[in-house]
Number of protein chains: 2
Amino acid sequence: MIGLIEQLTTYFKNYFALSPAEEEAFAIRLTQKRVKRRQFLLQQGDVCRHFSFVVSGCLKMYAVDKNGKEHNIQFIAENDWATDLSSFYDEKPSLLYIEAVEPTEVLQIKHQDLLYLYSNHHTIDHNFRVIIEQKYIALQNRVLQNISLSADERYEAFLKQYPKLANRLPNTQIASYIGVTPEFLSTIRKKHTQQS
Amino acid sequence: MIGLIEQLTTYFKNYFALSPAEEEAFAIRLTQKRVKRRQFLLQQGDVCRHFSFVVSGCLKMYAVDKNGKEHNIQFIAENDWATDLSSFYDEKPSLLYIEAVEPTEVLQIKHQDLLYLYSNHHTIDHNFRVIIEQKYIALQNRVLQNISLSADERYEAFLKQYPKLANRLPNTQIASYIGVTPEFLSTIRKKHTQQS
DNA sequence: AAATACCCTTAAGATAGTTTAAGAATTAGC
DNA sequence: GCTAATTCTTAAACTATCTTAAGGGTATTT
């Protein structure tokens with residue numbers, strides 16, 4: 001447990017470092033959770049009650065459309081945060097799923113605990129603003145790629161942006177992320193290997 | 001000028017209301033700018049030096065691809081914020097353009113002034129966290145739409161989400177936003193009017 | 001180690017979206 | 001109000017992506 005929290009503390013040093021008191025205030029509000037492959041952290045219809053820091057492993061966040069197809073909105077791997085912001089802050093049922101694609105360890109903080117920390121520790125509020133801004137920038141790049149690139153180019157962009165994940169995820173999951181069928185991703189990959 | 005700032009003050013009441021001192025601290029750091037149709041607030045290669053609040057009118061943010069085509073990442077209308085976060089915080093050249101699609105009035109705050117306010121006024125920092133979180137949620141919905149909906153459905157989603165903008169923008173701009181050619185949007189619209 | 005579930009590839013036919021080009025309609029700027 | 005510029009529509013040919021189906025390959029579970 002100590003090791004996991006140290007990883008989060010180290011992570012926060014990339015932002016405004018927390019004071020020892022702030023670290024302590026954060027740490028005592030964390031709970032650890034171990035999630036097996038295919039186990040859910042959040043299911044459609046439930047309220048997302050936690051902000052989760054991924055220590056190891058990998059999660060996927062996805063929506064299911066009216067035809068029952070899954071569409072991966074994001075992958076969340078080590079040193080990243082998973083939550084459905086909309087459900088978390090408004091405490092309303094989520095439209096999304098968060099599921100482990102690998103055995104995953106997370107540290108979780110509850111809604112009211114995080115709000116308490118926001119109110120009482122400017123640095124924590126500040127850091128989460130910066131974190132969400134960085135995630136916003138990444139998401140905006142993804143929107144741009146979606147509206148301007150072909151499937152082929154989106155696959156290349158994914159490989160460049162997540163070189164580690166590419167080896168860890170089945171292609172079906174990557175296909176769902178870039179917005180094509182697995183069959184079409186297969187033909188894209190074929191072309192790639194023939195060229196290089 | 002007073003009227004414009006009042007609009008921003010009213011806007012902030014949707015969040016944690018600023019104290020009179022904070023309102024004042026914010027107001028004295030704002031400059032007003034009037035932008036004509038087709039005038040740029042930001043051009044590719046320039047550093048984005050301001051966070052801009054749109055009082056009236058409408059801006060578009062877009063990228064230009066290697067073939068010279070423009071791709072609209074977002075529209076920014078009344079009571080919304082325009083900036084290239086990535087360029088603004090890292091003070092590096094932007095890859096994007098921000099251009100007025102209507103005559104537009106904005107209130108601008110500079111990088112170092114906003115950082116000063118963040119450091120000295122927790123409420124302001126807090127409010128910008130909440131604002132960016134809301135924009136993050138909207139952007140995430142858009143990503144989901146991009147990977148799961150047909151062009152037809154994306155157009156309907158745009159109409160539902162921005163009913164006011166739909167009448168104010170030329171279809172070429174909407175086509176660029178949803179990621180199709182204007183010609184194809186034209187056939188989509190034809191089908192729509194025939195059905196209803 | 002066998003059984004099962006999942007994943008990857010291939011290919012043919014179908015659909016969605018693009019390109020090009022040209023004329024008609026609308027809008028912006030003076 | 002006129003003029004020029006921009007925007008909108010249509011259609012045909014083309015390209016990208018999807019669907020379906022089937023067989024073989026890899027993991028996971030028993």
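Values reported hereafter were calculated over all heavy atoms of this structure, with side chains retained and with hydrogens, waters and symmetry mates removed. Letters go in sequence order (proteins before strands), and every chain restarts at 1.
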Asks: Can you list, pair by pair, the side-chain donor-acceptor contacts under 3.5 Å of residues 36-50 of chain B, counting residues two or more places apart and other chains?
Replies:
| from | atom 1 | to | atom 2 | distance (Å) |
| --- | --- | --- | --- | --- |
| B/Q39 | OE1 | B/K36 | N | 3.0 |
| B/Q44 | OE1 | B/Y97 | OH | 3.3 |

Asks: Is the gap between the ring centers of A/F75 and A/Y162 under 6.0 Å?
Replies: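 When the ring centroids of A/F75 and A/Y162 are compared, they turn out to be at least 6.0 Å apart.
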Asks: Which hydrophobic side chains are connected to A/F16, either touching it within the sub-4.5 Å cutoff or through other members that do?
Replies: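 Via sub-4.5 Å side-chain contacts, A/F16 links to none.
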Asks: Taking atom C1' of D/dC8 as reference, at what distance in whole Å does atom NE2 of B/H192 sit?
Replies: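 About 17 Å, once rounded to whole Å.
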Asks: Answer whether the closest heavy-atom distance between the side chains of B/R29 and B/Y116 falls below 4.5 Å.
Replies: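 B/R29 reaches B/Y116 side chain to side chain.
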Asks: Using a strict threshold of under 4.0 Å (side-chain N to carboxylate O), is an ion pair present between B/K60 and B/E70?
Replies: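 Salt bridge: yes.
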Asks: Identify each atom pair where a protein N or O and an N or O of nucleotides 2-8 of chain C are less than 3.5 Å apart, giving names and distance.
Replies:
| from | atom 1 | to | atom 2 | distance (Å) |
| --- | --- | --- | --- | --- |
| C/dC8 | OP1 | A/N171 | N | 3.0 |
| C/dC8 | OP1 | A/N171 | ND2 | 3.4 |
| C/dC8 | OP2 | A/N171 | N | 3.2 |
| C/dC8 | OP2 | A/T172 | N | 3.1 |

Asks: Please confirm whether B/R189 makes a cation-pi placement over B/Y155, using NZ or CZ under 6.0 Å from the six-membered ring centre and within 45° of the ring normal.
Replies: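 No cation-pi geometry.
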Asks: How many whole angstroms separate atom CD of A/E102 from atom P of D/dT28?
Replies: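 Atom CD in A/E102 sits about 10 Å away from atom P in D/dT28.
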Asks: So, does A/K36 get its side chain near the phosphate of D/dT28, meaning an N or O under 4.0 Å from OP1 or OP2?
Replies: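 A/K36 to D/dT28 OP1/OP2: no side-chain N or O under 4.0 Å.
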Asks: Does the structure place the NZ or CZ of B/R142 under 6.0 Å from the centre of the six-membered ring of B/Y177, at an angle of no more than 45° from the ring's axis?
Replies: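 Verdict for B/Y177: a cation-pi partner in B/R142.
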Asks: Which whole-number value in Å describes the distance from B/K190 NZ to D/dT7 P?
Replies: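 Rounding to the nearest Å, NZ of B/K190 and P of D/dT7 are 22 Å apart.
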Asks: Set out, in order, the CA-CA distance, both residues' side-chain angles and the distance that settles side chain to side chain donor-acceptor pair (under 3.5 Å) for B/D65 and A/S148, then state yes or no.
Replies: CA-CA 7 Å; B/D65 70 19; A/S148 69; 6.0 Å; no
Asks: Just to verify, what does B/H122 make a side chain to side chain contact (heavy atoms under 4.5 Å, CB included) with, not counting sequence neighbours?
Replies: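 For B/H122 the side chain to side chain contact (heavy atoms under 4.5 Å, CB included) partners, ignoring immediate neighbours, are A/H122, A/D125, B/H126.
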Asks: Check for me whether the distance between the ring centres of A/F26 and A/F12 falls short of 6.0 Å.
Replies: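 Yes, ring centres under 6.0 Å apart.
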Asks: Under a cut-off of 3.5 Å for both distances of each Watson-Crick or G-U pair, what dot-bracket string does DNA chain C give, using [ ] for crossing pairs and | for inter-strand pairs?
Replies: ||||||..||||||||||||||||||||||
Asks: Just do the ring pair (Phe, Tyr, Trp, His ring centres under 6.0 Å) check on B/Y15 and B/F128 with the steps written out, would you?
Replies: CA-CA 9 Å; B/Y15 300 91; B/F128 274 82; 8.8 Å; no
Asks: Whole angstroms only, please: what is the CD-P distance between B/E99 and D/dT6?
Replies: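 Distance, rounded to whole Å: 12 Å.
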Asks: Determine, for nucleotides 14-20 of chain C in 5'-to-3' order, which nucleotides have protein heavy atoms under 4.0 Å from the base (write B), from only the sugar-phosphate (write S), or from neither (write -).
Replies: ---BBBB
